[in-house]
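Proteins come first, then strands; the chains are lettered A, B, ... in the order of their sequence lines, and each starts at number 1.
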There are 2 protein chains.
Amino acid sequence: MSVQTQNAAGNCSDCPIRHRAVCAHCEKPELNELESIKYYRNFEAGQSIIWSGDKMGFVGSVVSGIASLTQTMEDGRTQMVGLLLPSDFVGRPGREGSPYDVTATTDVVMCCFRKKPFEEMMARTPHIAHRLLEMTLDELDAAREWMLVLGRKTAREKIASLLSIIARRDASLSSGGPVGTLVFDLPLTREAMADYLGLTLETVSRQMSALKKDGVIQLEGKRHVTIPDMGRLMEEAGDDTDGGMLG
Amino acid sequence: MSVQTQNAAGNCSDCPIRHRAVCAHCEKPELNELESIKYYRNFEAGQSIIWSGDKMGFVGSVVSGIASLTQTMEDGRTQMVGLLLPSDFVGRPGREGSPYDVTATTDVVMCCFRKKPFEEMMARTPHIAHRLLEMTLDELDAAREWMLVLGRKTAREKIASLLSIIARRDASLSSGGPVGTLVFDLPLTREAMADYLGLTLETVSRQMSALKKDGVIQLEGKRHVTIPDMGRLMEEAGDDTDGGMLG
DNA sequence: AACCTCAGTTGATCTGGGTCAAAGAAAAAT
DNA sequence: ATTTTTCTTTGACCCAGATCAACTGAGGTT
């Protein structure tokens, strides 16, 4: 259960501090202190990890599976405000509770640390505080990019944007097809996609069908997606076409 | 020009590190080092402070006026992703450039620090890094709250949400009217409001007229707004009505 | 005083995506 | 194997907000 896993981007995902390529966790001796307060939690698909307003006793990171952050209005309208993939951090050091619901979208394994000792460590270890700032800035960039998607893009562009994001983080390069072909399994229901995109599930379904008909994506079953041309998908998403998808 | 100003929330706005009630800047001797690398810049309404993609040589905070962060697609669609009011921080320590345009919406005075020495200070002063993490988490919360607005609220709710945010940060309690009455000048054109809300300027104008007709707001001229009942406005915004607006 | 320009309003019409409804398809339960 | 449930697709219709267009009104400028 304490196997160090590597995701597609080369990050160590068995650790609350997300890394690029190298796992500082394993290099910095002072971080081994984290090991002693580390524990794992499993959540089933659909299960709530944290309720909005609850006190959070822990911070941690996703080891496997997908979790989502959602906000809900009293009348039931919901908006997903974040998608947590393996290696993503969960928690708000220095904050009492969560303003969002955190829900397991698939079965999820989380690597957790009790909040108190983690924060004490953070205060003593500038490296962790610095890394956390980095990660929070990344999340802020992602949230702001998503504001453009929600505010100004059409339904088709929204779907293409979401597929593009998931593909970049989740997909493995297919060995068989031409270069640039990506294959992955959608970890979200149509309804979850709709909640992320500010659409209805019917519109999501229609636009998926349209993208399939137009050859932008291929679908086997409902969830298995092949993207024959990543550049084409990004055009559909309305993004700058800078060609390189692994920059 | 180095007068310490206090805004309505009691924050020191003459400083890149935003405070609550007390200005640590003035309390912590080590932060006086910041004084020696501090300088001011003025921007006229409409002027660009930073172009998206540019290298940013400085970090700083807004002293007076309003600036906005915007993202623009190739075809001209634009989405405002942040509103910078006095005391708000601008800059991305540890990052090269800005992924957004930063524009002066009104005349703006900024208090700046060259980035290099600021970052060196930050590395030496855990207090600053910690404060910066706090601020970034606040911005992330604001961005995510805005995702709900953009993704799920109606045009009327969007307008009410924006007015509510500006009122809370910008307004002074009117002494004459009943308790809870707020008065302020809108610092945004109808077009800027539209860019923030993911609407067209015509829809903004129509909904402003509708809110006026329904007595939710009063308008003198185009910009001077009176909110007779803050609770009512928050209901219109679809927010939880928790009563207290200065919690 | 006539002429701009720029911000805002209002009306008429159009349409993308929402809503309501029905049916298929795959997984889970009996 | 059949029923139930959960997810998805597709069709028909509608409406909130976009689009297109005309007009108002407050400053400035000469």
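For A:E44 and C:dA28, the CD to P distance is 13 Å, given to the nearest whole Å. Straight-line distance from the CG atom of B:L188 to the P atom of C:dA7: 13 Å, rounded to whole Å. Atom CG of B:L219 and atom P of D:dT24 are 20 Å apart (whole Å). A:E220 has its CD atom 17 Å from the C1' atom of D:dT8, to the nearest Å. Regarding A:M208, its CE atom lies at a distance of 11 Å from the C1' atom of D:dT8, rounded to whole Å. Going from atom CG of A:L150 over to atom C1' of D:dG17 covers 17 Å, rounded to whole Å. Regarding A:M193, its CE atom lies at a distance of 13 Å from the C1' atom of D:dC7, rounded to whole Å. Residue A:R190 contributes atom CZ, which lies 19 Å from atom P of C:dG24 at whole-angstrom precision.
The existence of a salt bridge linking A:D195 and A:R190 is excluded, since no basic side-chain nitrogen approaches an acidic carboxylate oxygen closer than 4.0 Å. Between B:E157 and A:R77 a salt bridge is recorded (basic side-chain N to carboxylate O distance below 4.0 Å). Using a cutoff of 4.0 Å between basic side-chain nitrogens and carboxylate oxygens, B:R232 and B:E236 are scored as salt-bridged. Taking a cutoff of 4.0 Å between a charged side-chain nitrogen and a carboxylate oxygen, B:D239 and B:K153 qualify as a salt bridge.
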### Task
Start with the C-alpha gap between A:R144 and B:E139, add the side-chain angles, then the distance that decides, and say whether salt bridge (Lys or Arg N to Asp or Glu O under 4.0 Å) holds.
CA-CA 10 Å; A:R144 284 174 168 165; B:E139 282 187 89; 2.9 Å; yes

### Query
How does protein reach along nucleotides 10-22 of chain C, written 5' to 3' as B (base within reach of a heavy atom under 4.0 Å), S (only sugar-phosphate), or - (no contact)?
BBB----SSBB--

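Atom CD of B:Q47 has more than 12 neighbouring heavy atoms from other residues, nucleotides or ligands inside a 6.0 Å radius.
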